[in-house]
Structure formats: C-alpha cells, structure tokens
Visitor: 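Take this structure first; my questions come after.
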Amino acid sequence: MALNKNFIWGSATASYQVEGAYLDDGKGLNIFDTFCKVPGNILNNDNGDIACDHYHRFREDVALMKKIGLRAYRFSISWSRIIPEGVGKVNPAGIKFYNELIDELLKNDIEPFITLYHWDMPLALDKLGGWRNPQIVQWFANYAKVVAENFSDRVKNFFTINEPQVIVGMGHQFGKHAPGLRLTTPELLEIMHNLLKAHGAGVIALRTYGKQKLNIGYAPCGCMNIPETDSPEDIEATKRSMFEFDDPSYAPNSISWYNDAVLLGHYPEREFKICEPFMPKVTDSDMKLISQPLDFIGHNIYWGMTISGKSGKIEYVKDPGGFANDPHKWPVTHDCIYWGTKFLYERYKTPIIITENGKSCLDVVSPDGSVHDEERISYIKGYLKGLKKSAEEGTDIRGYFLWSLMDNFEWAYGYKERFGLIYVDYPTQKRILKDSAYFYGDIIKSNGEILND
C-alpha cells in the first residue's frame, strides 16, 4: 500500500538558526540575539549573527532544495524582522525578504509552509514580559494579521507555534534557552495558558485576514514511547506514559496538556486536578479561544523510551541508549514514530504532519569532496518505514518534514551539531549536498516506495 499521492515531502529550518543578517535592513533584536551574547549560555559562545546567511543566500538554497527534489519547505518568520518592536511599525525590508523567498520557492514548485513563531520573541516584547504578559495574546494576533495580509495570497499552509514544550520548559523553567528564566510552577502554568490563548488568537487572525482558504495547525513535540511487547498491557501503559503525569512541574513538557486544550477543548481532566491549585483562572471563553478548529496537527518526533505495563503500572524498562554518546546524545528509536503517530491519531482524530524528524551526525567532507553520512541515511530509512507502516494501518498522516534542510545554529549546542541534508562550511558558507540529500530525494521521487526495498 502506498502513501497518498499528495503526501507532502519537505524539509525545515527556523529563522534564527539559518538567516543571520541579525541587524540588517531594519530588523529588531530578538531574545536569542541578546541571550547568545552572554558568555556560557551557548556552547563555544556561538551565536546566530551570521548563521547560514540564508538571508542573502536564499536563492542558492532554494536551488539546492530543487536539486534534492523537495516538494515543500517549512520555515519560520522572524517576528522582529517584519515588526522590529513586536508591535507597531512594519518593516518593508523584512516583508520584501519573505516575499522574495516565497516567490522563489513557488517558481521552483516548492510549497511554502510558514511557522509564525519558532522561539525568537522580539526583545522589545520580552522587556514587557513576553509570554508572561497577558497582552501577548493581542500582540501575537496582530503579528499573525500582518503575516496573513502580506503572504497568504501565495502561502496557504501555516503553523502558529513550534514546540511550546521547549519554549516553556527550556526557556522559562530550566533557563537553557532564551529568555533564560527559572520560574515557579504557578508562573509557568500562567505562561502556558497565555501561549495557548495566543495560538488561538493567531488562528483567528490568520483565518480572518487570509486572502484564500488557509490550512492551519501548530507543532508541539514530546517523547513518543514504545511498548516492550505487543501485549495489550504494554501498549496501554505506553499510551498512558505519553499523556499522563503526576507532578505539576512536569506540565510544561507534557503532550496532553497542550494538545488536549487545543484539539479537545479542555485541559486533560486528571492532570488539571493536579495542576489546578497552581493555575490562573481558566474561563470557558479561554478554552473556546484556545480550541479554534485546526486542519492538521504538526508534531516533532525524535525518540522514545521503552515501556512495560505488566505490573499494572507504567514502568520504564529500558534506556534507549545514546544519551552518553556524541553527537547530540539523542538515541535512535525507529519505532517511536510508528507508535507515536498511532497514539496521537487515536486520541485526537486529527490529520498529522511530522514537522521535524532528523539526526545529528559527525559529518565530514571526504577527500572526494562529498559527505558520506550513512548513519543519517539509516536513520531516515528506519523512521520513515515506521511512519509508512502507521499510515498504512489507517493513521491520517499528510506529510513529513526532515530536520533540517542544512546544518545550522542548534541553539544551546551552537554549531557543534549537524542535522542538515546540506553540509555548511561556516567560514566560507560553501554548501555541499550530503549523500542523505540524494537518498531523501529518491524517497520523494518514489513517494516512499523504495522504503519497501
């Protein structure tokens, strides 16, 4: 059985990670522009000032996308590039850049997918509290309106917010990402509620000001666990491990907290009772705003733990390995994408797009001038076989975006980690298509049929 002939095959980046040009053409500062300047915040004190210089080299990059055979490109807008202060005056040069990028993609038959927010809050808004300020709901709606007015005549696919779990957990709970805060549980729960309301307000703004019928989703993440065996006990325990938690301090990293609110119209009942003493007031109108109808749910999927339910409890029976190993200390667990998508679709009955999945490898340029990344090829093949199996068993999976298009600034890890299909030599900005880029192109060309080989 084949994937749908309209299956979306793409790759993804985020504005701060690739664009560079951090002070060019009237762009305002964002929270990573300043966070990266504090010694010790980022490995090797790296920053995204130049990154991949995508701002100046996007035509070259789109040509490489075309050469790979990508059918779609997911990128994020830099809020402070188009509205330097976060609200108020719109920057024509920023609008021009994204218009030219969109036009170049369409000219090359590559469908643009826009993410409104991939972690780079305008610094001016962060000084006013950022996600801590309830006004963020209106700020985000205004931003979405500007995006819709300028780009939705040619772009019909949008994601509102990328990985709310990381925005809150890494940025506001553990202080590892900008803005680098370590807040209390009540403060975190209030941020989460503000973020979800902003998402809903963004959806409304996109639909209200969109110049055509838009397809809208958002892109959370989470650990997609794997049952130890196919026994009903193990499968049920694994499912529960994905959606349940017993400690309110875990809420910022939860799958169900964000997805239930958006897709089911209420916070998960059991977990809400645990968190309610620490929650801000939640009204019916809040939940109506948060649960605006979506066309799909994006999900970023990388790895999962192995779970047993034989004792009647959730037991983590196996460390998947990889946590102590470079690069990136992330394990490879192919089956997580199969089980994760099945569990998500069973719970939410909403079409799924994999918005990120990929692997950092120890990529080097060989004497022949190529990058032979067999490890990444094995990773892609294993995960996509699981994704295809899930789709063939009835999960409505609409697309897959490999992370990432090119090596780039990987947040706290700086430039140490290389996830790209395209190798970037940062001192020269030379690009080289890795072997995995050609392999992924063959998968796209066959619409996944070669995964059966």
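Just so you know, these numbers come straight off a predicted model, no measurement behind them.
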Visitor: Given the rule in the salt bridge (charged side-chain N to carboxylate O under 4.0 Å, His left out) test, do D295 and R398 qualify, once you have shown the distances and angles that lead to the verdict?
Guide: CA-CA 11 Å; D295 300 286; R398 301 286 175 88; over 6 Å; no

Visitor: Run through I167, I136, V168 and flag the one making a side-chain contact (heavy atoms from CB on, under 4.5 Å) with I191.
Guide: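 Single pass found, and it is V168.
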
Visitor: Side chains of N162 and Y117 only: does a donor on one sit below 3.5 Å from an acceptor on the other?
Guide: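 Note: N162 and Y117 side chains miss the donor-acceptor criterion.
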
Visitor: Could you check whether K359 pairs with D373 (Lys NZ or Arg NE/NH1/NH2 to Asp/Glu carboxylate O, under 4.0 Å)?
Guide: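 Judged by the 4.0 Å cut-off on N to carboxylate O distance, K359 and D373 do not form a salt bridge.
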
Visitor: For a quick test of reading the model, state the closest non-hydrogen atom pair linking S152 to G210 and the distance between them.
Guide: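 Residues S152 and G210, closest heavy atoms: OG-CA, 3.4 Å.
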
Visitor: Would you please indicate yes or no on a ring centroid separation below 6.0 angstrom for Y267 and W257?
Guide: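 When the ring centroids of W257 and Y267 are compared, they turn out to be within the sub-6.0 Å range.
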
Visitor: Are Y413 and H328 an aromatic pair, judged by ring center distance below 6.0 Å?
Guide: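 Ring centroids of H328 and Y413 are less than 6.0 Å from each other.
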
Visitor: Will you find, in the side chains of N259 and H299, an N or O donor that is under 3.5 Å from an N or O acceptor?
Guide: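 Side chains of N259 and H299: pair found under 3.5 Å.
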
Visitor: Between Q292 and G200, which heavy-atom pair has the shortest distance, and what is it?
Guide: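 Heavy atoms only, the tightest pair is CG-O, 3.6 Å.
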
Visitor: Please say which of I337, I352, T395 ends up in a side-chain contact (heavy atoms from CB on, under 4.5 Å) with K342.
Guide: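 Result for side-chain contact (heavy atoms from CB on, under 4.5 Å) with K342: T395.
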
Visitor: Are F35 and W411 an aromatic pair by the rule of ring centers under 6.0 Å?
Guide: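 No - the distance between ring centres of F35 and W411 does not fall below the 6.0 Å cut-off.
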
Visitor: Do Y143 and W139 have ring centres separated by under 6.0 Å?
Guide: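 Centroid separation for Y143 and W139: 6.0 Å or greater.
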
Visitor: Between R431 and D53, does any side-chain N to carboxylate O distance fall below 4.0 Å?
Guide: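 Judged by the 4.0 Å cut-off on N to carboxylate O distance, R431 and D53 do not form a salt bridge.
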
Visitor: May I ask you to check whether F158 and F113 place their ring centres under 6.0 Å from each other?
Guide: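 That pair fails the under 6.0 Å test.
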
Visitor: Are W330 and Y302 an aromatic pair, judged by ring center distance below 6.0 Å?
Guide: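 Yes, the ring of Y302 comes within the 6.0 Å limit of the ring of W330, centre to centre.
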
Visitor: In terms of side-chain heavy atoms, does H56 have a donor or acceptor partner in D24 at a distance below 3.5 Å?
Guide: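 Yes, a side-chain donor-acceptor pair sits under 3.5 Å.
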
Visitor: Aromatic contact between F7 and W9, with the criterion being ring centroids under 6.0 Å apart: yes or no?
Guide: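 Ring centres of W9 and F7 closer than 6.0 Å.
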
Visitor: Honestly, is R74 close enough over F159, meaning NZ or CZ under 6.0 Å from the six-membered ring centre and within 45° of the axis?
Guide: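 R74 over F159 ring: yes.
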
Visitor: Just checking, any donor-acceptor pair under 3.5 angstrom between side chains of D286 and T283?
Guide: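 Note: D286 and T283 side chains meet the donor-acceptor criterion.
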
Visitor: Ignoring hydrogens and angles, state whether a donor on the side chain of D425 or Q429 is under 3.5 Å from an acceptor on the partner side chain.
Guide: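 Looking only at side-chain atoms, Q429 and D425 do not form any donor-acceptor pair under 3.5 Å.
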
Visitor: May I ask you to decide whether K211 forms a salt bridge with E149, counting only side-chain N to carboxylate O separations under 4.0 Å?
Guide: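 So K211 does not pair with E149 through a salt bridge.
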
Visitor: Are the charged groups of E19 and K27 less than 4.0 angstrom apart, N to O?
Guide: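 Between K27 and E19 there is no salt bridge, as every charged N stays at least 4.0 Å from the carboxylate O atoms.
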
Visitor: Indicate, with yes or no, if the rings of F409 and Y415 have centres closer together than 6.0 Å.
Guide: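 Under 6.0 Å, so yes.
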
Visitor: Do D25 and K96 sit within salt-bridge range, that is, some charged N less than 4.0 Å from a carboxylate O?
Guide: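 No salt bridge links D25 with K96.
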
Visitor: Does a side chain donor of either S76 or S15 reach within less than 3.5 Å of an acceptor in the other side chain?
Guide: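 Yes, S15 and S76 have a side-chain donor paired with an acceptor closer than 3.5 Å.
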
Visitor: Regarding D326 and K416, does a basic nitrogen lie under 4.0 Å from an acidic carboxylate oxygen?
Guide: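 Answer for the salt bridge query: yes.
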
Visitor: Can the ring centres of F58 and F97 be said to be less than 6.0 Å apart?
Guide: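 Yes, the ring of F58 comes within the 6.0 Å limit of the ring of F97, centre to centre.
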
Visitor: Indicate whether any N or O donor in one side chain lies under 3.5 Å from an N or O acceptor in the other, for S378 and E375.
Guide: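 On atom types as modelled, these side chains do not qualify, holding no pair under 3.5 Å.
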
Visitor: Could you walk me through whether D61 and K66 pass the salt bridge (charged side-chain N to carboxylate O under 4.0 Å, His left out) test, one step at a time?
Guide: CA-CA 9 Å; D61 294 333; K66 177 82 168 178; over 6 Å; no

Visitor: Can you list everything that forms a salt bridge (Lys or Arg N to Asp or Glu O under 4.0 Å) with K434? Sequence neighbours excluded, please.
Guide: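 Salt bridge (Lys or Arg N to Asp or Glu O under 4.0 Å) list for K434, sorted by chain: D363, D407.
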
Visitor: Can you name the nearest heavy-atom pair linking P320 to M305, along with the distance?
Guide: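 Nearest heavy atoms, P320 then M305: CD-SD, 3.2 Å.
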
Visitor: Are the side chain of Y383 and the backbone of T333 linked by a donor-acceptor contact shorter than 3.5 Å?
Guide: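 The answer is yes, because a donor-acceptor pair under 3.5 Å joins these two groups.
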
Visitor: Side chains of N225 and S241: is there a donor and an acceptor less than 3.5 Å apart?
Guide: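 Looking only at side-chain atoms, S241 and N225 do form a donor-acceptor pair, the distance falling under 3.5 Å.
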
